[in-house]
Amino acid sequence: MMSASVARRTFATPVLLGLLLIAFALVAVAVGSKPFNQTIIDIFLKVIFVVGLWVFVGNSGVISFGHIAFACLGGYVAAWTTIKPMMKGMSMPGLPDWLMQTEIPYWGSAIVAAGWAALWALIFGSVLMRLSGIAASIATFAMLAMVNSIYSNWESVTAATSSVVGIPIIRSIWPYLVAALISVFAAWAYGISRHGLALRAARDEPTAAAACGINIPRARLIAFVISGAIMGMGGALYSHSIGIVTPDTYYLGLTFITLSMLVVGGMGSLSGAVLGVLILSTLIQTLRWLEAGVQVGETTIALPGGVQEIALGVVMILILMFRPAGIMGNKDLSLPKRAALETKGPKSPRT
Amino acid sequence: MGSLLQVLFDALSLGSLYALGALGIALIFGVMRLVNFAHGDVIAACVFALLWPSVDAVAIIFAGNLPWYLLIPFLLAIGAALSVASEIVVFRRFRRANPATMMIASFALGFVIRYFLLMLFSSRPKSISLLPSLSQPVEILGARIPLLQLITIAVTMAVLFGLTTFLRRTRFGLEMRAAAENFTMARMLGVRANRVIMGAFALSGALAAAIALILGSQTGTANIMMGASVMLMAFIATVIGGMGSLAGAVLAGFLLGAIATVMQVILPPDARAFRDAFVYGAVILVLIFRPQGLLSARGTKERV
């Protein structure tokens with residue numbers, strides 16, 4: 001359904017981003033240290049989340065605070081389908097029998113999680129997509145709080161707020177790389193499809209787009225479901241990367257970090273979403289390293305805990321102040337007129 | 001009769017908290033279209049202003065030892081000062097930004113405040129005894145109502161009455177209402193934008209401090225996350241009430257308090273843990289039928 005010429009013109013974007021991710025993976029292999037490997041896996045997971053968020057937020061212009069709820073749904077699917085049946089019986093006795101006996105590999109759980117999250121995105125979305133602007137943003141926040149409140153209280157199925165352990169841990173970086181590449185290419189393909197273009201038109205000129213026959217709630221719903229599926233897949237893989245799952249893993253902290261990565265990179269473009277992750281992850285990692293303490297001669301200098309989040313918040317505010325369209329969104333700002341055309345036109349995002 | 005009265009007072013006192021929170025958000029939204037996510041963290045910061053910074057489990061009471069007639073003005077001043085400072089340092093630079101950008105900036109500011117508190121006080125909840133004499137129950141018509149609940153309701157009513165008088169009878173209130181109605185027009189007619197906006201932030205901060213006082217004495221703990229749950233409900237109240245409508249925010253705040261309390265009573269015991277989920281669900285339903293809110297303010301509708 002995408003026009004071939006648009007595809008050819010924009011194909012370089014996902015390829016370049018993909019090569020960048022592959023380069024990160026190769027660095028991890030070259031370094032070969034376990035903690036560094038985990039860091040790179042974490043970056044790939046954030047890429048999946050932020051790209052999933054971008055599919056909806058970037059294309060529709062509606063800020064969503066609720067997408068991490070889909071990651072939560074996905075994370076618990078991983079727990080439901082991959083933990084050994086015996087262990088499941090102890091921590092989550094309320095599961096139906098057939099689910100209790102199920103034990104599938106991690107990639108199977110990622111696929112099921114994507115489907116499960118997409119289903120709920122369809123259900124929530126068909127209600128929420130009728131709203132727009134700030135009301136829609138707050139309603140997505142209500143959705144996040146609702147999912148968190150259900151998962152923190154449904155003792156027999158989610159073990160409430162205590163952590164569910166026993167999810168098989170996948171330490172190889174390749175599955176995460178593949179999933180990140182899939183999400184980048186899926187986001188690109190959606191962005192240049194007729195639905196993606198229609199949604200971007202509706203973002204920039206809602207009245208004109210509606211007059212051209214674009215059904216705005218429906219266009220938003222399609223983006224919402226696709227981004228929900230990507231978030232669900234990311235959530236399942238996140239569970240597999242750390243081996244445990246709690247509802248609060250998928251709450252305000254993760255929402256804040258993914259949203260700030262998107263904003264810092266620039267929500268107008270896919271490249272912004274991916275580069276935002278890479279830039280902020282580097283910053284977070286450096287701060288974490290400083291928080292752990294650096295040996296200078298005899299003394300260890302360590303920043304107090306919490307500095308990492310404070311620095312992240314300050315960076316985000318400064319970027320919003322001076323570059324409201326994010327790092328990528330403003331790259332062409334030296335020529336204001338062209339930049340305006342570049343960000344407003346119905347063209348697919350380019351770097 | 002007694003238990004019915006108890007439910008009524010529970011609903012009113014919970015609703016009071018939500019209404020005060022919603023009012024603090026609606027005041028700022030009215031003058032500068034900012035959805036202030038940092039409001040909840042201002043509430044938490046006000047509670048912690050009573051303590052001396054330490055990461056120990058035992059709270060070191062500092063300002064909390066003041067007698068109440070000094071304590072209350074002190075806390076209100078702290079809240080107002082913090083709120084005005086956030087305007088001067090951060091939000092002033094976002095006057096021309098679109099509402100979504102401002103919303104994310106306030107989200108980030110809230111995080112900065114929260115983790116600043118975490119750095120000073122650690123994330124462990126601390127027990128404090130703030131105005132302990134208020135927790136004794138009083139007997140009214142066979143119902144045992146905590147004195148604090150009565151005071152919460154009375155204080156909220158007084159605040160609402162005072163604010164209404166202020167907005168309707170004073171020149172500053174008039175300017176603020178004019179600014180909320182049409183900011184550009186109000187400026188052309190000589191309303192000083194900075195003064196009005198700072199006034200709105202100061203009022204909103206003082207309201208946050210009032211919530212902090214009530215929450216602190218109600219729960220007896222100081223927790224860096226304590227503003228978050230009230231805040232979420234307050235946001236929802238401002239949206240249901242109609243963004244920017246002060247009366248709507250208050251009305252919706254009380255409505256949410258009533259829904260939450262009634263659900264607590266009528267839901268079967270198994271489902272009670274999911275009370276909040278039901279309330280959020282009800283909110284989404286309200287928004288579908290009235291996306292513009294119950295009382296939609298003039299001038300906030302999208303224009304073509």
Side-chain angles (χ1 to χ4, degrees), chain A residues 57 61-63 65 124 127-128 130-155 160 206-208 252-253 255-257 259-260 262-263 267 303-322 324-325, chain B residues 29 33 35 37 55 89-90 93-94 96-120 122-123 225 228-229 232-233 235-236 238-240 243 271-285 287-288 291-293 300 302 304:
Chain A
V57 176
V62 176
I63 306 286
F65 292 104
F124 278 120
V127 173
L128 295 177
R130 300 209 213 157
L131 303 169
S132 55
I134 289 170
S137 298
I138 305 255
T140 57
F141 210 126
M143 177 184 82
L144 175 69
M146 192 167 158
V147 169
N148 183 268
S149 137
I150 292 174
Y151 274 67
S152 323
N153 287 300
W154 203 347
E155 184 95 46
T207 320
L252 296 176
T255 302
F256 174 69
I257 289 196
L259 213 53
S260 41
L262 186 62
V263 168
M267 8 185 206
L303 296 175
V307 170
Q308 179 201 332
E309 282 84 358
I310 295 176
L312 206 60
V314 172
V315 165
M316 198 165 151
I317 293 174
L318 289 177
I319 294 227
L320 284 171
M321 258 180 213
F322 299 109
Chain B
F29 184 85
R33 298 287 171 269
V35 180
F37 271 97
V55 290
V89 177
V90 177
R93 332 230 173 245
F94 288 95
R96 287 166 190 281
N98 67 344
T101 311
M102 283 199 282
M103 184 161 69
I104 299 187
S106 73
F107 198 61
L109 177 69
F111 241 72
V112 171
I113 297 177
R114 182 178 308 164
Y115 279 91
F116 192 66
L117 292 177
L118 180 124
M119 205 162 81
L120 293 181
S122 90
S123 63
M225 294 296 287
S229 59
L232 189 55
M233 282 296 185
F235 274 124
I236 290 171
T238 41
V239 175
I240 309 186
M243 301 291 317
R272 241 168 239 174
F274 302 105
R275 182 191 80 179
D276 286 353
F278 280 103
V279 176
Y280 300 131
V283 164
I284 294 176
L285 280 182
L287 283 177
I288 293 171
Q292 74 279 37
T300 53
E302 283 179 47
V304 176

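Letters A, B, ... are given to chains in the order of the sequence lines, protein chains preceding strands, and every chain is numbered from 1.
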A.B. asks: Let me know if A:L131 has heavy atoms under 4.5 Å from chain B in its side chain, its backbone, both or neither.
C.D. replies: side chain
A.B. asks: Answer with side chain, backbone, both or neither: which region of A:L128 has an atom nearer than 4.5 Å to a non-hydrogen atom of chain B?
C.D. replies: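 It is the side chain, since no backbone atom gets that close.
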A.B. asks: Using side-chain heavy atoms (C-beta onward) and a distance below 4.5 Å, is A:M321 in contact with B:F94?
C.D. replies: yes
A.B. asks: In terms of heavy-atom proximity below 4.5 Å to chain B, should A:S137 be classed as side chain, backbone, both, or neither?
C.D. replies: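 Only the side chain of A:S137 comes within 4.5 Å of chain B.
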A.B. asks: To the nearest 0.5 Å, how far apart are OH in B:Y115 and CD in A:E309?
C.D. replies: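 Output value for this atom pair is 4.5 Å.
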A.B. asks: Would you say A:F256 and B:F37 make side-chain contact, with heavy atoms under 4.5 Å?
C.D. replies: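 No, every pair of side-chain atoms sits at 4.5 Å or beyond.
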A.B. asks: Determine which pairs satisfy salt bridge (charged side-chain N to carboxylate O under 4.0 Å, His left out) with at least one residue from residues 103-118 of chain B, sequence neighbours left out, and list them in order.
C.D. replies: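 Only B:D41-B:R114 qualify under salt bridge (charged side-chain N to carboxylate O under 4.0 Å, His left out).
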A.B. asks: Looking only at heavy atoms, which two atoms of B:I236 and A:A142 are closest? And how far apart?
C.D. replies: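 The answer is CD1-CB, 4.1 Å.
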A.B. asks: Among residues at least two apart in sequence or on other chains, which ones pass side-chain hydrogen bond (donor to acceptor under 3.5 Å, both in side chains) with A:S149?
C.D. replies: none
A.B. asks: Between B:L117, B:T238, B:V239, B:V283, which has the largest tally of heavy atom pairs under 4.5 Å with chain A?
C.D. replies: B:V239
A.B. asks: Side chain, backbone, both or neither: which part of A:V263 has a heavy atom under 4.5 Å from chain B?
C.D. replies: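 The answer is the side chain of A:V263.
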A.B. asks: How close do A:I317 and B:A108 get, counting heavy atoms only, and between which atoms?
C.D. replies: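 Answer, listing the atom of A:I317 first, then B:A108: CG1-CB, 3.7 Å.
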A.B. asks: Among the options B:L232, B:V35, B:D276, pick out the one with the most heavy-atom pairs lying under 4.5 Å from chain A.
C.D. replies: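 The residue among B:L232, B:V35, B:D276 with the greatest pair count is B:L232.
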A.B. asks: Out of B:V279, B:I104, B:T101, which one racks up the most heavy-atom pairs below 4.5 Å with chain A?
C.D. replies: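 Max contact count across the listed options: B:I104.
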A.B. asks: What heavy-atom pair brings A:I150 and B:F274 nearest, and what distance separates the two atoms?
C.D. replies: O-CE2, 3.4 Å
A.B. asks: Measure the CE-CD1 distance between B:M103 and A:I63 for me, rounded to the nearest 0.5 Å.
C.D. replies: 5.5 Å
A.B. asks: Sort B:F111 into side chain, backbone, both or neither according to what part of it lies under 4.5 angstrom from a heavy atom of chain A.
C.D. replies: side chain
